[in-house]
There are 2 protein chains.
Amino acid sequence: MTGRASPGAFGAFVAEWALPVEEALRDLLPPLHEAPTRLHEAMHYALFPGGKRLRPMLALLACKAVGGEVRPTLRAAAAIECLHTYSLVHDDLPCMDDDDLRRGRPTCHKVFGEALALLAGDALLTVAFEGVAAAGAAAVIALAKGAGSLGMVGGQVEDLAAEGDATQHTLPRVQWIHDHKTGALITASLLVGAHAAAGPAGAPFSVVEPLVRYGDLLGRAFQIADDCLDLTGTAAELGKNPLADVALGKLTWPALVGLQRSLAAARQMAAEAAALAPVVVAAAAAIRPAARSTLDGAVALLQDVATYAVERRR
Amino acid sequence: MTGRASPGAFGAFVAEWALPVEEALRDLLPPLHEAPTRLHEAMHYALFPGGKRLRPMLALLACKAVGGEVRPTLRAAAAIECLHTYSLVHDDLPCMDDDDLRRGRPTCHKVFGEALALLAGDALLTVAFEGVAAAGAAAVIALAKGAGSLGMVGGQVEDLAAEGDATQHTLPRVQWIHDHKTGALITASLLVGAHAAAGPAGAPFSVVEPLVRYGDLLGRAFQIADDCLDLTGTAAELGKNPLADVALGKLTWPALVGLQRSLAAARQMAAEAAALAPVVVAAAAAIRPAARSTLDGAVALLQDVATYAVERRR
């Protein structure tokens, strides 16, 4: 790893922006008392209290890393959390993973019924694009591509198809599914932040290219760590049923190569992502010169989040 | 009605732009052979062959009516059809209307299964925003508001809630549901076209305001006519099961006031919409002066589509 991340740089960033992200989420959603109230209750139920808000944080972090102002990007960052949450609500539906526990509580359809959960997911996906519009057309397109049939939804489809089909249980296959199901939205979150920072024309290719490489590695490390946590974590730590992947016959890294080799691979990918941090920041600095201290801080942040992706407990 | 619409102005417009809309739809969707192929097959199955493509036509027509170029708006117009189609796919799911016939064929989930139909709908909604991004942030926001929890999805929720609940069977209630479930996306289609024509800043309030009033009336007329067709049309004409609304205990105008009074109300609303056509065009012309002949043509188009909304056979 080139350069040590300052310990806790990402933790401090999260502490600074956690509340503003929650406020931006509440601003983006219609209030609970607005009709149809039952629909808005279901949307709020799925969103609050939230999880790690990782994807909004990644958007804000990328915005800062490429020299942008964080505050004006809050709405677009919150929008990504709405999109992520819709994917969880739909994923939990009976016709999909049929899960009854999410973020430590009954899943949305368990509380509101299938039809309302389906529609709440649809509305969360829709409001996500209302929120990201402020970040410009490039951000809208990056989010749609990351979330669509060639990104996240494509990954969900192949994940379902691979369940219990032993012929598909190979490392290239699991990697393809991870890259699409999880990685595409993580990379898109970073791109939304970078495009928001860059203004109407969006970030140039010289910045997008290393950021996509960084995001793809971060996403892989994150998902492998997630699959390992599914095996080692408790329901209280995870807020969802552990061993859920095993029960569904899901295709995961640990199922293929074991826990220790999976964790080693995740750490290797996180280290590779961290090594790209100075490249991303230098590319941005070439366009928008900034103070040396700002650049160092940005590099440390991008490196620290890579470490966080594999060392977290939930 | 102020001024007679030239007969068939909308028909001629549709004939001119039907093929380009189909081409734009194919351009917007990933090709069938792209992975995951089964997902893309489901998306194509839901979209082709299509229905009337009314919403893209409305977007193109509004673009033209406010003095814009039609061709650059084709992608955004096609995007609206993707969004409309997602709503049909999700509406037909077992946990919603549980319908087995759509556009004259088995519904998407009957052919591809529930999970894939759900995800194909999600992907169609997502790609809609990828497509509309080219028309600018104002168009993205208009589409998201029209399609979201305060628009179309909100209407779907209340429509489900009203099924079989006799206490809700009042004219104000059915109008609220229509305005949201159908009207919001029809008005949004017009707004997308107007915003696309106006460039990055979007169309000004002076144009948006009369266009929204026109769209809301058009949407009401269209939906009442739809409910009447459900009673009088055949499966072959409609491409879906007639009397489906009756079977579901849906709240409709004809169920409340009968067929003849419903048709009269629809015609009255269409006439009011048509009366607004010169107001819309004059507002646009005040900003972007155009030749007298162009303006007359635009007024006739907006008037003719209002007539079409109530006089069509499917």
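Chain naming here is simple, since letters A, B, ... match the order of the sequence lines and numbering starts at 1 in each.
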Steps toward side-chain contact (heavy atoms from CB on, under 4.5 Å) verdict (A:V208, A:L191): CA-CA 7 Å; A:V208 165; A:L191 288 178; 3.8 Å; yes

Side chain / backbone / both / neither for B:M43 at chain A, heavy atoms under 4.5 Å: side chain

Top contributor to chain B contacts, counting heavy-atom pairs under 4.5 Å, from A:I141, A:L150, A:L29, A:L116: A:L150

Most chain B-contacting option - heavy-atom pairs closer than 4.5 Å, from A:P94, A:A147, A:P200, A:S149: A:S149

Steps toward side-chain hydrogen bond (donor to acceptor under 3.5 Å, both in side chains) verdict (B:D92, B:H109): CA-CA 8 Å; B:D92 288 338; B:H109 67 274; 6.0 Å; no

B:R75/B:D27 salt bridge by N-O under 4.0 Å criterion: no

Residue B:P30 versus chain A: region with a heavy atom under 4.5 Å: side chain

Nearest non-hydrogen partners of B:V140 and A:A133, listed with the distance: CG1-CB, 3.7 Å

A:C82 side chain reached by A:L25 side chain, heavy atoms, under 4.5 Å: yes

A:L93, part contacting chain B, at a heavy-atom distance under 4.5 Å: side chain

Proximity breakdown for A:A161 and chain B, heavy-atom pairs closer than 4.5 Å: neither

Residue B:A135 versus chain A: region with a heavy atom under 4.5 Å: neither

Per-residue contact mode, A:H180 against chain B (heavy atom under 4.5 angstrom): neither

Short side-chain donor-acceptor distance under 3.5 Å, A:D216 and A:T187: yes

Side chain / backbone / both / neither for A:E158 at chain B, heavy atoms under 4.5 Å: side chain

Contact origin within B:L118 toward chain A - heavy atom pairs under 4.5 Å: side chain

Residues, nucleotides or ligands: over 12 heavy atoms within 6.0 Å of B:K181 NZ: yes

Polar contact flag, side-chain donor to acceptor under 3.5 angstrom, B:W253-B:Q223: no

Region of B:V157 that comes under 4.5 Å of a non-hydrogen atom in chain A: both

